[in-house]
There are 2 protein chains.
Amino acid sequence: MRRLADRLGSGVMSLYWHVDNKEDVFDLALDAVLEYRGSPQTVQSQDWRGEVVHMLEDWRASMLRHPWSASLLPRRALGPNILSRLELLSKTLSRAGVADADLNVAIWSLWNYVMGATITRAGFDLSDDDRAAAQKRLEHLSERYPTIERCRLLLDDDWDGAFRKGLGFLLDGLSPK
Amino acid sequence: MRRLADRLGSGVMSLYWHVDNKEDVFDLALDAVLEYRGSPQTVQSQDWRGEVVHMLEDWRASMLRHPWSASLLPRRALGPNILSRLELLSKTLSRAGVADADLNVAIWSLWNYVMGATITRAGFDLSDDDRAAAQKRLEHLSERYPTIERCRLLLDDDWDGAFRKGLGFLLDGLSPK
DNA sequence: ACCTGAACACCGTTCAAGT
DNA sequence: ACCTGAACACCGTTCAAGT
């Protein structure tokens, strides 16, 4: 709060006229990051899968543009921008043929996937030093975690590719039969 | 730190002999929650899917037993217990026939799903008051978010069922063809 | 309607010192 | 090897007051 007031060139307590408390600021900041500037009323495309992938990649990218936003996720803030994104996602899936009975599960699954991926990616944005340290620690542990070591799980840094590929698998599972 | 020292009946600064700083305490606490007491060297079961589901449900349940632990997730802490769980998961998937080239993506996908679900579930542990407020706000917004409203996305509280069902879909997608 | 400074209760951590 | 209190720099927020 004090830092924020400084940045705005106002007194600290002036903030409290516009905002309830620190939590409130966080909620507003998180939702602000998630404003969606996608094609709003896109033509009735046949490619629902492509649309979903695009929406969710944008979701993740928006948050990674402000890595602090990932640390704000463990709160139940459902601002208007988050709700809009959920609504758009619901509508797309529904139009794609997902039954209403499966819709909630589908939405939450995709949400979980995106949130987990974003938090993980933001947390593992290692400096080179950290990376070197991780590498060393891993070598030392290769006999205890052989499978992880063999696949170089912790050294694989194609985050974007992994996100896209995993999302593809999830959509495979969710696709209406 | 001050609170923790009080609880332990020691001086505040005594903690700093055993621990570097507050972050260190958080890392240790998170990993402590994740100690795995599963069947360690289970018989070579044929049911790899059941094994994975069991492991991941236990992962989520362990964290939900201490809801504060979910808020510690946005950090890159890979303690020995987390690594053990990842190793066990890798081994199971590998034995199930997932190719090495797909293994990392599979692991991270499941990780993302579990982490997202846990954080979300912990954050939405609403009191009845909150729930009532959410309901009211939602009614008010039903014309702006019709699809969400229709499926009662925010009122559905079968979290455990949704977790299991969504995990099933993800595993469908990940299953080796 | 909007802003403010003083004050309060609370942090994590450094340091220099104890046993 | 292990513990300690005093002190520092920093928080978020209440309150009573200003314009």
Side-chain angles (χ1 to χ4, degrees), chain A residues 1-35 63 65-82 115 119-120 122-130 132-134 137 140, chain B residues 1-35 63 65-82 119-120 122-127 129-130 132-134 137 140:
Chain A
M1 289 295 123
R2 289 171 125 102
R3 223 108 48 95
L4 177 57
D6 260 12
R7 192 80 90 88
L8 297 174
S10 77
V12 198
M13 293 316 298
S14 313
L15 302 177
Y16 285 80
W17 176 260
H18 307 274
V19 131
D20 278 354
N21 46 35
K22 204 178 124 180
E23 294 292 292
D24 199 12
V25 176
F26 284 155
D27 290 348
L28 291 168
L30 178 58
D31 200 64
V33 163
L34 288 172
E35 195 181 345
M63 298 199 58
R65 233 171 276 133
H66 312 275
W68 47 263
S69 66
S71 71
L72 297 184
L73 276 179
R75 67 188 56 240
R76 49 181 170 53
L78 288 177
N81 287 326
I82 296 194
M115 296 307 132
I119 282 185
T120 303
F124 277 90
D125 207 350
L126 302 168
S127 70
D128 287 347
D129 286 356
D130 291 338
R137 208 173 31 145
H140 193 263
Chain B
M1 289 293 122
R2 289 172 126 101
R3 223 108 49 95
L4 178 57
D6 259 14
R7 193 80 91 89
L8 297 174
S10 76
V12 196
M13 293 316 298
S14 313
L15 303 177
Y16 286 80
W17 174 260
H18 307 273
V19 130
D20 278 354
N21 48 34
K22 204 177 123 181
E23 294 292 292
D24 200 10
V25 176
F26 284 155
D27 290 348
L28 292 167
L30 178 58
D31 200 64
V33 163
L34 289 171
E35 194 181 345
M63 298 199 57
R65 233 171 277 132
H66 311 275
W68 48 263
S69 66
S71 71
L72 297 183
L73 276 179
R75 65 188 58 237
R76 48 180 171 52
L78 289 176
N81 287 326
I82 295 193
I119 282 183
T120 303
F124 277 89
D125 207 350
L126 302 169
S127 69
D129 285 356
D130 291 337
R137 209 174 28 147
H140 193 262

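Chain A is the first sequence line, chain B the second, and so forth, proteins listed ahead of strands; every chain is numbered from 1. Because only heavy atoms are used, hydrogens play no part in the values below, and waters and symmetry mates are left out as well, while side chains stay in. Everything numeric here is computed off the predicted structure, so don't read it as measured data.
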Checklist entry - So Leu8(B) and Leu15(B), side chain to side chain contact (heavy atoms under 4.5 Å, CB included) or not? Walk me through it. => result CA-CA 9 Å; Leu8(B) 297 174; Leu15(B) 303 177; 3.8 Å; yes
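Look at CD on Glu23(B): it is 14 Å from C1' on dC11(C), rounded to the nearest Å. Atoms CG (Asn21(A)) and P (dA9(C)) sit 20 Å apart, rounded to a whole Å. One interatomic measurement links the two molecules: CE of Met1(A) to P of dT14(D), which rounds to 12 Å at whole-angstrom precision. Protein atom OH of Tyr16(A) is 18 Å distant from nucleotide atom C1' of dA17(D), rounded to whole Å. Atom CG of Leu8(A) is separated from atom P of dC2(C) by 16 Å (rounded to the nearest Å). In this structure, CH2 of Trp17(A) is placed 17 Å from P of dT13(D), rounded to the nearest angstrom. Distance Asp6(B) CG to dC11(C) P: 9 Å, rounded to the nearest Å. What separates CZ of Arg2(A) from P of dT4(C) is a distance of 14 Å, to the nearest Å.
Nucleotides dC2(C) and dA17(D) have their P atoms positioned 22 Å apart, rounded to a whole Å.
With rounding to the nearest 0.5 angstrom, the CG atom of Leu73(A) is 6.5 Å from the CD1 atom of Ile119(B). Taken from OG in Ser71(B) to NE2 in His66(B), the straight-line distance is 13.0 Å, to the nearest 0.5 Å. From Lys22(B), atom NZ reaches atom OH of Tyr16(B) across 9.0 Å, with rounding to the nearest 0.5 Å.
OP1 or OP2 of dC3(C) has at least one side-chain nitrogen or oxygen of His18(A) nearer than 4.0 Å. For Ser14(A), no side-chain nitrogen or oxygen approaches OP1 or OP2 of dC2(C) to under 4.0 Å. Within the structure, a side-chain polar atom (N or O) of Arg3(B) is placed less than 4.0 Å from OP1 or OP2 of dC11(C).
Of all heavy-atom pairs spanning Leu30(A) and Leu72(A), the tightest one is CD2-O, 4.0 Å.
Residue Met13(A) is in base contact, counting any heavy-atom pair closer than 4.0 Å across all strands shown.
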Checklist outcome for this item: Writing each nucleotide of DNA chain C 5' to 3' as (, ), [, ], | or . by Watson-Crick or G-U pairing under 3.5 Å yields ||.|||||...|||||.||
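The main-chain N or O of Ile82(B) is found under 3.5 Å from a side-chain atom of Asp31(B) such that the two form a donor-acceptor pair.
Sorted by first and then second residue, the salt bridge (charged side-chain N to carboxylate O under 4.0 Å, His left out) pairs involving residues 1-12 of chain A (not counting sequence neighbours) form an empty list.
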